[in-house]
Amino acid sequence: MKYSVKILAAFLLVMILGSAACAAVPSVTMLSTESCPACVQMSKVFKEIEAKYKGKISTSHIYLEKNPDIAKKYNVRYVPTLIFKDASGEEIAQEVGYRSLKDVLKIFERAGVKI
């Protein structure tokens, strides 16, 4: 039994690390609240990114009511807060407020990230 658990854990680790290596693309994460109108508009931009830049830009959305520790980690004062990372996972920018698709692409461009 001990060996099967270790084998399963090793398999899961390989799967997680392997998928992370395959998904080495720039990312933008939105930190928001459920009641934020600008966040709703930003969600529409994220859907546009997912449709036009699938496999080139990764998006994620974190609701701060459910994850208050994330708000503390990033010192969030206003929402939406957008966290931009390069393909290696290094934070390259943090922006507050609604950004259009064009603005999002410019932020990556300014940081030297090619899309």
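This chain uses plain numbering: 1 for the first residue, then up along the sequence.
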Response to the item:
In terms of heavy-atom contacts, Ile107 and Ala93 come closest through CG2-CB, 3.8 Å

Worksheet, complete the sentence: Scanning both residues in full, the closest heavy-atom pair of Leu31 with Val76 reads CD1-CG2, 3.7 Å

Item to complete: To the nearest 0.5 Å, tell me how far Phe84 CZ sits from Ile92 CD1.
Response: 7.5 Å

Discussion item. I want to check something: taking the side chain as every heavy atom from C-beta on, are Phe46 and Leu82 in contact at a cut-off of under 4.5 Å?
Written reply: yes

Worksheet item: With hydrophobic residues grouped by side-chain heavy-atom distances under 4.5 Å, do Val28 and Val45 end up in a single group?
Response: yes

Discussion item. Tell me which pairs pass side-chain hydrogen bond (donor to acceptor under 3.5 Å, both in side chains) where either residue lies in residues 87-97, with sequence neighbours left out.
Written reply: Asp86-Ser88, Glu95-Arg99

Discussion item. Checking Thr81 now: which residues fulfil side chain to side chain donor-acceptor pair (under 3.5 Å) with it, not counting sequence neighbours?
Written reply: none

Item to complete: Answer with yes or no whether the hydrophobic clustering places Val96 together with Leu101; edges join I, L, V, M, F, W, Y residues whose side-chain heavy atoms lie under 4.5 Å apart.
Response: no

Discussion item. Nearest 0.5 angstrom please: Ile57 CD1 to Ile115 CD1, how far?
Written reply: 4.0 Å

Fill in: Side chains of Ser43 and His61 in contact at under 4.5 Å (non-hydrogen atoms)
yes

Fill in: Over all atoms of both residues, closest heavy-atom pair of Ser32 and Cys39
CB-SG, 3.2 Å

Discussion item. Quick one, Tyr53 and Thr59 - any side-chain contact, counting heavy atoms below 4.5 Å?
Written reply: no

Return a table of donor-acceptor pairs under 3.5 angstrom between the side chains of residues 62-74 and protein atoms on other chains or two or more places apart.
residue : atom : partner : partner atom : Å
Glu65   : OE1  : Glu34   : N            : 3.4
Glu65   : OE2  : Glu34   : N            : 2.7
Asn67   : ND2  : Tyr63   : O            : 3.1

Item to complete: Using the rule that two of Ile, Leu, Val, Met, Phe, Trp, Tyr join whenever any of their side-chain heavy atoms come within less than 4.5 Å, decide whether Tyr98 and Val104 are in one cluster.
Response: yes

Fill in: Student check: side-chain heavy atoms of Pro26 and Lys85 closer than 4.5 Å
no

Discussion item. With a 4.5 Å cut-off on side-chain heavy atoms, are Pro80 and Cys36 touching?
Written reply: yes

Item to complete: Scan residues 105-115 for pairs that pass side-chain hydrogen bond (donor to acceptor under 3.5 Å, both in side chains), counting only residues two or more places apart or in two chains.
Response: none

Worksheet item: Can you pull the salt bridge (Lys or Arg N to Asp or Glu O under 4.0 Å) pairs that have at least one residue in residues 36-58, sequence neighbours excluded?
Response: Glu48-Lys52

Discussion item. Please enumerate all residues that pass side chain to side chain contact (heavy atoms under 4.5 Å, CB included) together with Val40, with sequence neighbours excluded.
Written reply: none

